[in-house]
Amino acid sequence: MPMEKNFTPAEAEARISALWTAQKVGAAGANAKPGAEAFSIMIPPPNVTGSLHMGHAFNNTLQDILIRWHRMQGHDTLWQVGTDHAGIATQMVVERELARSQQPTRRDMGREGFLAKVWEWKEQSGGTIINQLKRLGASCDWDREAFTMSGNFPDAVTKVFVKMYNDKQIYRGKRLVNWDPHFETAISDLEVENIEVKGHMWHFKYILADGQTYDYVEKDATGQVTFREKRNYISIATTRPETMLGDGAVAVHPSDARYAPIVGKMVHLPLCDRLIPIITDEYPDPTFGSGAVKITGAHDFNDYQVAKRHNLPMYRLIDTRAQMRADGAPYEVAVQRARQIAAGSPTDENEVDSLNLVPEKYRGLDRFEARKQVVADITAAGLAVTILVKHLDEETNSEHLTLEPVVEAKLIMQPHGDRSKVVIEPMLTDQWFVDTAKIVGPALDAVRNGDTQIIPQSGERTYFHWLENIEPWCISRQLWWGHQIPVWYGPNLPRGSFITGAADVGGGFKEFCAATGADALMAAQEWYGPEVKISVGEPSFRREAAFVGAIQNISASQLGDVPIGQVTSVSFHRDPDVLDTWFSSGLWPIGTLGWPEQTDELAKYFPTSTLITGADIIFFWVARMMMMQLAVVGEVPFKTVYLHGLVRDAKGKKMSKSLGNVIDPLEIIDEYGADALRFSNAAMASLGGVLKLDTQRIAGYRNFGTKLWNACRFAEMNGVWENHTTTAEPPTAKATANRWIIGETARTLSEVNAALNDYRFDQAANALYTFVWGKVCDWYVEFAKPLFDGEHAAETRATMAWVLDQSMILLHPIMPFITEDLWGTTGTRAKLLVHTDWPTYSTALVDPEASKEMAFVTTLIDEIRSARAQVHVPVGLKIDLIAMTLSPDARAAWQRNEAIIRRLARIETFTEGPAAKGSITLALDGASFAIPLAGLIDIAEEKARLSKTMDKLSKEIGGLNARLNNPAFAASAPEEVVDEAKANLQARQDEAAKLQAALKCLAEIG
RNA sequence: GGGCGGUUAGCUCAGCGGUAGAGCACUACGUUGACAUCGUAGUGGCCACUGGUUCGAUCCCAGUACCGCCCACCA
């Protein structure tokens, strides 16, 4: 059946996908030659909730190109596929789904019930992205699909946690962390986006205690007094008035002379019945605001540091939903205790945390509501810094003045949760951290010494900068969906409590970190003593609650006939929190290969070869994989990291649903085919910068596929595929055109290899585009037409078959579907194209003589076509050609390629001799031609044409002369450059002379 | 505030020491033995600006302007 006129992606892609799946073409080690080197890629696991967007399409296209390229070379390839459980994202999706279908909430159904729902959801809806990857043509090993919550992965995660805990690389602590009030969980620094928003700054007066006053003096740079006032207050500025309720002090810079008289004195905290001290610290900037800063240790990262330095109490004002606390004792009771603490009464972290110093009237308010109230109340109390504002009453046309608080409109950088988009609160809570400082060294060294290479190199600087300034990584999340932290808590009793009879429970917990609950229980039993009964409690949501539970249990155990002070039973809880998703993603390379088992795959494919990922997750993922793999198995996870930019729309705008500019890769595939999308992705992939996706461009590459298709169809119509079997080496050819195209093919192979070696997917794509369209279709197919009728017919058919075979092979990594389809419909094939050997012929096949000769032929054809068009010779009209001068090379070239030139330039007769009057003249290297067109041509137009060419030539000759006549050029420039310039000049001058003669000739006619 | 990158044809981008390339768009012509998802021929650029290095700079260096992106606690 003859080939259709066009490739039909929709039909062919489905058919070919099924073929590849059935034959498991992506299986690890498929097509590998014995003893071949391994080449492995770990897919950046998409979220299990995800669907394929353009970023995935781009990223996976590049991976597939590399994998197919290596597989065809006979390397032992593995492309590991899988998905990430994506803690927050998935929990969010499932909760939304529960709400939508009016099912009980997460809290109502409890942890176990909810997790069952998540799994149910995962089985039904999760992983659609995997099937979408297949539509893109991704040749992963589908049988090895991994999931960060399945198989050996949970085990691997737990083992790593335990190892890092034992190595003191993981610790628990009460720290100020970023708290997401929407999801009610801590998040890491990286999950915080700082967004500039419009805010306000208010100025408040904190009145000195006991009616004290001082001289407030401002001076200019020369020491001249510019302002002097007797004051009974200190002025502070804040953008977050509601936090003043928890202030522990007011800080000024030690060198700030304005406040020197009152350092150490106490001030009244407005709206509160507390006094706080004025302290000195390096943190306040005397030139900013009033120079005095309120210190709220529990709700600001800077203040936290100051409060720690000065041992100030950090009173927590806000609850997990970012409302003003409503828990604990009444305000009166709390504030009384706070005063005692301020006066030196002993206390501890837990007591301070339990004290709720929010006055009753603000309790339960959202923090933004509380802010308004606080400002209003302070203003009402006359403690806001105010100014007189003039108002014009329009009706009476009279002015009146009012005293209003100073509110500066100000752009402030406000932290937002990257998922929830709500304002993040710094919150003092108990969390788990990776002590990154302890594991960062090897990750830095590996890149510094080249064990891992980052492409483009600028990525290394970003990597270094972040790692060199790394902060502890908060890894605990107050979520349910994820890897639960493998730590169990019992009361903080000394070893062998039953025997020693220790009753002093003290504060905090005793932690038991173990891979399994049974191991933890065993460790606990060992710790408390064999006689102590350990009851395993339900994990409660907040660890604080678990703590209280444990203490009560001990008190209860003191009843009965057991002597006071002896412990007979303790309660024991697992930490309810789960790990940051990136903690498990960080183990993706070893986790997917079966670690902690020492599997064959681990031995063969680890460290992996190349990681291809977006530059946006260099910190989230790349740096952490480096640290974790090095910490756990002591090896880099990958040898090369290729970082790419974000895919944007044609104008460079971020694709977003709200902007309505999202380009769905599946729709693109439906419309243009996967190959067009893939080729477009490859062609966009130059290093660095933004990737602008233009559907017009994709259409262009679809057309490119059609072009190749039709070249093959042309071959079919000319019997090229009959009895053809593909061969690695090209056929022996005599005809110059055949020798030439074989050489061009070899040149292209070498360009593609070099480009892919350097991760220059764009250069590989462009080399192939230029070759297939610009060389094979534009020229070679045309050359073949006359050759099919001549003495070289057989070798031309063989050459064309070989060249098209090679085109399919070389294009296959980028355009797998159309090439596989063509492969199957042409010739006799031993294997699928996907498993066909990548060629190894060298550029020795490039035939310089053939190249030179075909350059002459194509230039001559171009010149004739150009001349014809410019003097408006009708396309259908055949013309005569006269060779006025012919060098021996040019004559031979003519003779060998006469049929080609005649056909493509549409020449009727060819003679040698002088030009007839009224001819147009062509000057080539080694030859000059005339086309007699008396009566047909417009003399003036031909003159204009020649003059234009002459102008261009003169300019070039002028430039070359200037260069060659400069003595410094001859002295300093390399010899070959000088020779080249000389040869160039000679050639230009020859051409110019011929054209000059032609012009003179025209002048005689005209 | 710190860091990284960009500025080349109308648009999107290659090129990165020997005076400019591609695709798209545009113009004209076109039933040429595959292809109109095409062919042929064309139009279009002081390579952001200012200095410097060099025989020679779009390319190297310095500065300026503008545009991106990342990081950052200024109350």
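Because the structure is a prediction, the values reported are computed rather than measured. Numbers restart at 1 for each chain; the letters A, B, ... are given by sequence-line order, proteins then strands.
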Reading RNA chain B from 5' onward, which residue's closest nucleotide shows up sooner: Lys785(A) or Gly289(A)?
Lys785(A)
P spacing across the pair U7(B) / C61(B), given as an integer number of angstrom:
14 Å
When the P atoms of G51(B) and A57(B) are considered, how many whole Å apart are they?
13 Å
Side-chain-base donor-acceptor pair under 3.5 Å for Arg903(A) and G33(B)
yes
Within the modelled atom types, does a donor on one side and an acceptor on the other bring the side chain of Glu782(A) and the base of A34(B) under 3.5 Å apart?
yes
For the P atoms, the ones on G18(B) and on C70(B), what distance do you get once it is rounded to whole angstrom?
36 Å
I'd like to know whether CD of Glu193(A) has more than 12 heavy-atom contacts from other residues, nucleotides or ligands below 6.0 angstrom.
yes
On a plain distance test, is the side chain of Arg702(A) in donor-acceptor contact with the base of U37(B) below 3.5 Å?
yes
Ring centers of Phe761(A), Phe58(A) separated by less than 6.0 Å
no
Base of C35(B), side chain of Lys5(A) - is there a donor-acceptor contact under 3.5 Å?
no
Have His203(A) and Glu408(A) got a donor and an acceptor in their side chains that come within less than 3.5 Å?
yes
Which whole-number value in Å describes the distance from Leu693(A) CG to G23(B) P?
19 Å
How close do Val776(A) and Ile741(A) get, heavy atom to heavy atom, and via which atoms?
CG2-CD1, 4.1 Å
Could you check whether Gly700(A) gets within reach of a base, just the sugar-phosphate, or nothing at all, counting any heavy atom under 4.0 Å?
nothing
Syn/anti label of C11(B) as read from its glycosidic torsion, with the cut at 90° from 0:
anti
